[in-house]
Amino acid sequence: MTSSFVPQALRASRLLAFILLVPILLAGMLPGRAYAVEPVKISRDDTALDLTATTEIYTGRGEAFQVSTAPGTDGIVRRIEVRATSDEHQGDWAVFALANVSDEQIDRVIVAPHFRLVQSKLFWPDLGSKRIISITPSEGFALDREPSEEADVFSITLNPGTVVTFVAELATPDLPQIYLWEPDAYKDTVNAFTLYRGIVLGIAGLLAVFLTILFVVKGTSMLPATAALAWAVLGYICVDFGFLSKLISITAGDERIWRAGTEVFLAAGLVVFLFTYLNLNRWHAHLAYATLAWILGLGLLFGVAIYDPPIASGIARLSFALTATVGIVLIAYLGFNRYDRAILLVPAWALILVWLFGAWLTVTGQLNNDIIQPALGGGLVLIVLLIGFTVMQHAFAGGAYSQGLFSDLERQSLALTGSGDTVWDWDVARDRVVTIPDISIQLGLAPGVMHGPARNWLPRLHPDDRDRFRATLDVLLEHRKGRLNHQFRVRAEDGHYHWLSIRARPVLGANGEIIRCVGTIIDITEQRNSVDRLLQDALHDNLTGLPNRQVFLDRLQSILSLTGSSDTVRPTVLTIDIDRYKQVNDALGIAAGDNILIALTRRLRRLLKPQDTLARLAGDQFGLILMSERDPAKVADFADAVSKAIMVPINFGGREIILTASIGLVSWVDQQEDAAGLLNDAELAMYRAKKAGGNRVEPFRPAFRTFGADRLQIETDLRRAIERKELSLVYQPIVRLKDAEIAGFEALMRWDHPKRGNISPAEFIPIAEASDLINQLGLFAFDKAASDLMDWQLQTGELPVFVSVNLSSAQLLNNELYNDVRAALARTRCEPQKIKLELTESVVMENPEQARLILNKLRDVGLGLALDDFGTGHSSLSYLTRFPFDTIKIDKALVRDGSDKRTVLLRSVISMARELEMQVVAEGIESEEDAIELGNMGCEFGQSYIFGPPIGYDSVLRLLKERFPLMKRA
């Protein structure tokens with residue numbers, strides 16, 4: 001009976017306990033309530049227990065927190081409620097339970113460190129703070145706090161066989177670590193770490209002071225950078241080891257700011273040291289700018305650290321890692337280039353990389369013991385110690401003065417190597433010249449040919465330079481002062497002469513005599529050739545090599561200045577204009593036209609004597625100063641010989657070309673006549689010959705000046721036409737062939753004369769080019785086209801169209817063109833990409849060197865450049881590579897060509913342009929079939945009367961509003 005009753009009673013009691021526990025368990029599952037925790041069993045032998053994993057964190061639970069206690073020895077789970085005791089509390093709680101399984105009373109301390117580097121994270125790191133405000137046990141009173149500046153420490157006493165649940169009121173939701181220590185063991189551990197930290201701090205402080213003293217004594221740039229890094233490390237470990245709080249009174253929040261600030265200081269110190277020690281400013285100026293920007297950015301982080309320490313600290317940690325990575329690249333590169341400083345820095349930088357790897361493992365939580373944080377602090381001191389030894393090795397190697405001298409020589413050597421100059425060293429005592437590197441190789445000679453006595457250079461010098469070279473050296477040796485600055489020509493192995501420039505200075509010995517002459521020698525052949533070409537192009541015609549109009553007038557004026565003092569000086573001026581040259585040029589192309597001019601130049605030169613002058617005044621117009629004949633009959637015979645020489649047939653491409661010329665002739669008779677007036681009279685006579693049908697010689701008569709008066713009147717009216725607003729622009733549409741949509745317009749100038757009506761551009765443009773008006777007209781056209789384009793955009797919205805403006809040769813050769821264009825763009829606020837400048841091959845070839853320079857500058861501004869009339873002249877591919885054209889306009893003569901080869905030529909030109917990434921515009925399209933065919937070939941744009949004639953400003957505006965309705969503004 002008794003034996004059966006006991007099990008039944010036991011089952012009944014368990015059932016009753018279950019029934020009582022169900023409401024409690026259900027209550028624990030409600031919001032704002034916490035489950036019972038599993039107690040951690042402790043005994044007297046447990047010195048230190050990590051409670052972090054068994055501690056449960058509850059965030060955002062408010063000021064009142066209810067929790068179920070761990071089951072006691074009787075197995076009953078109770079409910080307790082804890083209320084916040086401080087304003088610092090944000091509703092975060094921590095719960096853990098302890099069970100004393102021994103039969104004795106146990107005293108322990110609960111420790112929660114304010115800061116742990118372990119698992120503090122790389123970005124937005126946890127920089128520490130007060131963790132626990134108070135701890136309330138399920139039995140008894142709140143725990144007593146022990147004094148500590150580095151952790152929250154609470155003492156507890158556990159009775160034998162008791163199970164106590166503890167509720168911690170948290171100041172922050174993060175609780176990196178919580179330990180249960182035996183009191184004496186905790187004190188021993190703190191004392192041990194205190195001793196270690198004191199030793200490390202002492203070494204760091206002594207090292208910082210020592211490096212600072214060295215800087216004061218030696219003064220080299222490496223020492224202050226190293227001292228700054230040492231002070232940064234000292235500041236960091238002062239905060240990390242808790243030494244700063246012993247010097248000044250700081251709160252937990254202030255400690256976060258100090259910690260972030262020292263990390264920023266440490267990152268900046270490493271950047272400054274790397275830049276200064278490797279002397280990076282001498283390798284490239286951009287490195288100095290990048291480093292300065294980097295340091296300024298880190299400097300701004302000091303301000304960020306005050307308002308948001310985690311952000312500042314995260315960026316500083318990233319900067320430290322990035323500096324170490326950049327340092328690897330720089331040390332490797334400079335080390336392979338045998339830079340001694342980089343090689344000596346390898347051990348210290350390897351230690352930095354090991355430290356950085358350990359720090360990364362720590363902040364990510366892969367290393368989590370308590371020793372790693374102070375060990376990393378000691379590692380920083382060890383790094384600075386090793387860097388200090390490296391820097392001192394440089395500081396004491398030869399003294400400060402020799403170190404500074406070495407740096408200067410090193411900089412000079414690097415500058416000389418970077419400039420590409422050759423060292424020229426003449427040992428006067430031994431009479432031996434040496435060049436480094438050997439200039440003989442540059443001249444195609446055998447190595448060492450140009451080395452040896454200075455007299456060995458004389459046979460290689462140009463005959464005109466030998467005496468000057470010898471005299472220059474003799475004067476230098478005689479006066480024993482001055483500088484050698486000499487340019488001369490040296491013959492290379494291939495027979496060509498190279499221009500060389502020597503710049504050197506003498507070195508005097510103890511006796512005052514020159515013992516050495518050292519300097520540089522450079523090849524300036526390309527510069528001299530460029531200057532010669534520019535001078536040649538400025539004074540001579542590029543095609544024929546003849547003097548240009550300005551030189552012709554200058555020579556004529558010089559001759560006229562002698563007429564009063566000598567009866568034998570009686571010049572005759574002839575102007576020669578080739579009849580129907582334009583038609584020949586249009587039919588055969590510019591290449592044929594240029595060859596014809598060259599052939600005519602040779603023929604005319606054969607008729608001249610040394611005292612005569614032939615010049616090319618304009619495209620197909622020549623000028624001739626005849627000094628060898630004074631008799632009127634012989635002058636007439638000479639003019640007739642010129643006419644017959646021009647009429648001799650010219651064979652070109654299997655065709656026979658016969659040309660005639662209109663020749664104007666005037667002899668000097670008036671002492672008051674100047675060169676310009678004499679040439680003008682000759683041109684008037686030539687124009688009268690051309691008006692009479694050409695192929696004749698016309699002597700000048702004063703009555704011809706009435707003919708010139710018309711040109712003078714047009715020039716006068718043209719000067720006032722802009723002010724009177726008689727000049728205007730019309731615009732011919734340029735369309736895309738694939739959809740016939742408007743792509744742009746070509747601006748064409750019109751002149752509505754108040755008396756003569758509309759004057760053709762073919763009549764007034766040549767007059768403008770012959771005077772100084774063409775630049776004014778060209779600037780007007782550019783400014784007006786850009787202004788009209790901006791007005792259209794203001795009234796319709798942004799437009800996908802461009803405007804092309806023609807450029808004359810006089811404008812291209814004007815040095816102010818670039819500045820005028822930039823000023824017009826700024827004045828109209830027009831985008832440069834929407835303006836194209838059109839010019840022909842003949843315009844470019846009048847002065848190719850200057851044209852290339854100016855076109856490159858215009859292209860850099862953003863303007864488009866189009867090669868007009870392509871396919872009728874030279875059509876040289878060199879133009880497309882030498883000059884920065886982005887568009888070619890195929891001339892209408894090629895588009896309308898009815899020959900069988902037309903399609904092949906067009907397809908080749910378009911294909912070539914597309915390969916060169918150039919746009920193609922076809923002019924003079926006559927039918928829709930031609931437009932479709934050109935579009936299928938790849939031609940992008942077309943310009944012709946079938947797409948529309950030139951129209952005025954208002955008509956363009958209406959057209960744009962119709963074609964681009966979606967562009968209109970609301």
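Nothing here was measured: the structure is a model prediction, and the numbers come from that model.
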Q: Measuring from atom CG of D612 to atom CD1 of I625, what distance do you get when rounded to the nearest 0.5 angstrom?
A: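 Atom-to-atom, D612:CG and I625:CD1 are 9.0 Å apart.
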Q: Please name the pair of heavy atoms, one in I658 and one in R580, separated by the smallest distance, quoted to 0.1 Å.
A: O-NH2, 3.5 Å
Q: Can any side-chain N or O of Q557 pair as donor or acceptor with the backbone N or O of A675 at less than 3.5 Å?
A: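 Present.
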Q: Using atom types as modelled and distance alone, determine if a side-chain donor or acceptor of R914 lies under 3.5 Å from a backbone N or O of G938.
A: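 Between the backbone of G938 and the side chain of R914 there is a qualifying donor-acceptor contact (under 3.5 Å).
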Q: In Å, rounded to the nearest 0.5 Å, how long is the span from CD1 of I657 to OH of Y581?
A: 10.0 Å
Q: Using distance only, find each side-chain donor-acceptor pair of residues 921-929 under 3.5 Å and give its atom names and separation, not counting sequence neighbours.
A:
| residue | atom | partner | partner atom | Å |
| --- | --- | --- | --- | --- |
| E926 | OE2 | R896 | NE | 3.4 |
| S927 | OG | D930 | N | 3.2 |
| S927 | OG | D930 | OD2 | 3.3 |

Q: Could you tell me the separation between the CD1 atom of I663 and the CZ atom of R696, rounded to the nearest 0.5 Å?
A: 11.5 Å
Q: Considering all heavy atoms of both residues, which atom of S804 and which atom of I734 are nearest to each other, and what is their separation?
A: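 Smallest heavy-atom distance, with atoms named: OG-CD1, 4.3 Å.
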Q: Test your reading of the model: is there a side-chain donor-acceptor pair from S561 to the backbone of S558, 3.5 Å cut-off?
A: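 Judged by distance alone, yes, a pair lies under 3.5 Å.
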Q: E629 and K609: side chain to side chain contact (heavy atoms under 4.5 Å, CB included), yes or no, with the steps?
A: CA-CA 10 Å; E629 301 292 348; K609 293 182 180 179; 3.9 Å; yes
Q: Distance from T572 atom OG1 to L678 atom CG, nearest 0.5 Å?
A: 8.5 Å
Q: Hey, does the side chain of D577 reach the backbone of Q621 with a donor-acceptor pair shorter than 3.5 angstrom?
A: no
Q: If you take all heavy atoms of F638 and L608, which pair is closest and at what distance?
A: CZ-CD2, 3.8 Å
Q: Give me the atom names and distance for the closest heavy-atom approach of A747 to A785.
A: CB-CB, 4.3 Å
